[in-house]
**Q** 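Take this structure, written in structure tokens, and hold onto it; I'll ask about it next.
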Amino acid sequence: MRQIPTKLQVEGQVRDLALFNVAIDSKLRGCDVVALKVDDLAPSGYSADRATVRQKKTGRPVKFEPTESTRQAIDDYLRATGKKSGEYLFTGRRLSGHLTTRQYARLLSRWLADIGLDPHLFGTHSLRRTKATVIYRRTGNLRAVQLLLGHTKIESTVRYLGIEVDDALAIAEQVDV
């Protein structure tokens with residue numbers, strides 16, 4: 001999936017690049033990504049170093065820090081579109097409403113197909129899981145991932161990441177009988 005942002009940048013797809021980067025960095029569900037407003041990520045007209053978004057499913061706030069490349073993509077997108085405070089960040093064909101989760105899923109399918117990946121193997125939730133999985137694998141800090149995803153129970157995070165299965169398989173591979 002690493003090729004997607006490069007391809008979007010080369011093609012000048014400023015909205016799609018911002019959307020992809022925000023989805024990865026925020027670790028939000030698709031319904032929350034598409035419902036973001038300009039004020040959520042760029043309250044002063046420029047992307048902020050930190051954002052807090054209330055999740056639709058749980059009602060709980062989740063904090064995240066967009067990377068420098070994501071902040072740049074957001075700023076480029078805002079400049080290109082002239083979006084203002086109070087507007088939805090990602091709009092589809094109907095400029096008054098936000099991009100739908102279905103439209104977002106179709107975009108992701110196209111991005112995946114364009115880089116040669118099977119769109120049936122990934123969905124919008126794959127983007128939510130991507131950074132969380134990388135953080136866990138690099139740090140082993142399950143509590144940090146729990147907080148980043150907004151999970152209330154550590155057991156939910158364990159199931160979500162599939163840790164027990166992965167750990168068991170890794171241990172089994174190391175045991176020689």
Side-chain angles (χ1 to χ4, degrees), residues 1-43 45-58 61-135 145 148-151 160-162:
M1 269 200 240
R2 292 181 189 181
Q3 302 100 321
I4 291 174
T6 304
K7 184 171 184 355
L8 294 173
Q9 189 169 24
V10 167
E11 293 176 351
Q13 302 283 334
V14 291
R15 181 203 61 184
D16 292 0
L17 178 61
L19 176 61
F20 180 84
N21 285 354
V22 166
I24 292 287
D25 280 358
S26 68
K27 298 162 292 305
L28 291 169
R29 291 173 185 85
C31 63
D32 294 323
V33 171
V34 298
L36 288 170
K37 293 203 169 187
V38 171
D39 301 319
D40 293 328
L41 300 181
Y46 295 97
S47 58
D49 293 339
R50 180 172 283 175
T52 302
V53 176
R54 188 165 302 279
Q55 297 179 98
K56 183 177 176 182
K57 179 179 177 182
T58 64
V62 174
K63 293 181 182 182
F64 65 93
E65 292 184 2
T67 60
E68 179 58 38
S69 59
T70 297
R71 289 194 309 273
Q72 185 64 55
I74 293 166
D75 289 343
D76 291 347
Y77 174 59
L78 292 175
R79 226 179 354 269
T81 60
K83 290 198 173 281
K84 303 285 184 236
S85 175
E87 295 181 342
Y88 285 107
L89 187 58
F90 302 113
T91 50
R93 291 189 185 117
R94 293 178 308 223
L95 298 177
S96 60
H98 61 73
L99 192 70
T100 67
T101 52
R102 185 67 205 121
Q103 289 168 317
Y104 171 40
R106 280 195 291 267
L107 284 171
L108 177 59
S109 291
R110 191 178 76 221
W111 302 335
L112 291 164
D114 285 350
I115 63 165
L117 292 176
D118 184 352
H120 295 97
L121 298 178
F122 302 94
T124 58
H125 210 75
S126 302
L127 299 184
R128 172 172 160 80
R129 193 181 300 248
T130 298
K131 195 164 188 175
T133 301
V134 170
I135 290 168
V145 175
L148 292 170
L149 291 172
H151 288 166
Y160 188 82
L161 296 175

**Q** If you measure from CD on Glu68 to CG on Asn21, what distance do you get to the nearest 0.5 Å?
**A** 11.5 Å
**Q** Going through the checks in order, is the salt bridge (charged side-chain N to carboxylate O under 4.0 Å, His left out) test met by Lys37 and Asp40?
**A** CA-CA 5 Å; Lys37 293 203 169 187; Asp40 293 328; over 6 Å; no
**Q** Please report the closest heavy-atom contact between Ala23 and Tyr104, naming both atoms and the distance.
**A** CB-OH, 3.1 Å
**Q** Could you report the tightest heavy-atom contact between Ser85 and Asp39, atom names first, then the distance?
**A** OG-OD1, 2.6 Å
**Q** Who pairs with Asp118 by salt bridge (Lys or Arg N to Asp or Glu O under 4.0 Å), at least two apart in sequence or on another chain?
**A** none
**Q** Is any side-chain heavy atom of Leu28 closer than 4.5 Å to one of Leu36?
**A** yes
**Q** How long is the straight-line distance from CD1 of Ile4 back to NZ of Lys7, given to the nearest 0.5 Å?
**A** 10.0 Å
**Q** To the nearest 0.5 Å, tell me how far Ile74 CD1 sits from Tyr46 OH.
**A** 14.0 Å
**Q** After noting the C-alpha distance and the side-chain angles of Glu87 and Thr81, does the key distance pass the side chain to side chain contact (heavy atoms under 4.5 Å, CB included) rule?
**A** CA-CA 11 Å; Glu87 295 181 342; Thr81 60; over 6 Å; no
**Q** Please tell me if the side chains of Gln103 and Val34 come closer than 4.5 Å, counting only heavy atoms from C-beta onward.
**A** no
**Q** Which value, rounded to the nearest 0.5 Å, describes the distance between Arg71 atom CZ and Leu41 atom CG?
**A** 11.5 Å
**Q** Taking side-chain contact (heavy atoms from CB on, under 4.5 Å) as the definition, give me every residue that meets it alongside Lys56, ordered by chain and number, with sequence neighbours left out.
**A** Cys31, Asp32
**Q** Nearest 0.5 angstrom please: Lys83 NZ to Leu78 CG, how far?
**A** 8.5 Å
**Q** Under the side-chain contact (heavy atoms from CB on, under 4.5 Å) rule, collect the residues that match up with Ser109, sequence neighbours excluded.
**A** Pro119
**Q** Go through the structure and list residues passing side-chain contact (heavy atoms from CB on, under 4.5 Å) with Val62, not counting sequence neighbours.
**A** Gln55
**Q** Taking the side chain from Tyr77 and the backbone from Leu89, do they hold a donor-acceptor pair closer than 3.5 Å?
**A** yes
**Q** Considering all heavy atoms of both residues, which atom of Asp49 and which atom of Pro66 are nearest to each other, and what is their separation?
**A** O-CD, 3.5 Å
**Q** Go through Phe90 and Leu107 one step at a time and tell me if the side chain to side chain contact (heavy atoms under 4.5 Å, CB included) criterion holds.
**A** CA-CA 12 Å; Phe90 302 113; Leu107 284 171; over 6 Å; no
**Q** Are the side chain of Lys27 and the backbone N or O of Asp25 linked by a donor-acceptor pair below 3.5 Å?
**A** yes
**Q** Under the rule for ring-ring contact (aromatic ring centres under 6.0 Å, His included), what residues qualify as partners of Tyr160, not counting sequence neighbours?
**A** His125, His151
**Q** Identify the two heavy atoms, one from Pro5 and one from Leu17, that lie closest to each other, and give their separation to 0.1 Å.
**A** O-CD1, 3.6 Å
**Q** Could you tell me which residues satisfy side-chain contact (heavy atoms from CB on, under 4.5 Å) with Gln13, sequence neighbours excluded, listed by chain and number?
**A** Leu8, Glu11, Asp16
**Q** Run the side chain to side chain contact (heavy atoms under 4.5 Å, CB included) test on Ser26 and Val33 for me, step by step, so that the C-alpha distance in whole Å, both residues' side-chain angles and the decisive distance to 0.1 Å come before the verdict.
**A** CA-CA 8 Å; Ser26 68; Val33 171; 4.1 Å; yes
**Q** Starting from the C-alpha separation in whole Å, work towards a yes-or-no answer on side chain to side chain contact (heavy atoms under 4.5 Å, CB included) for Ile24 and Phe20.
**A** CA-CA 6 Å; Ile24 292 287; Phe20 180 84; 3.9 Å; yes
**Q** Hey, what do you get for CG (Leu149) to NZ (Lys131), rounding to the nearest 0.5 Å?
**A** 12.0 Å
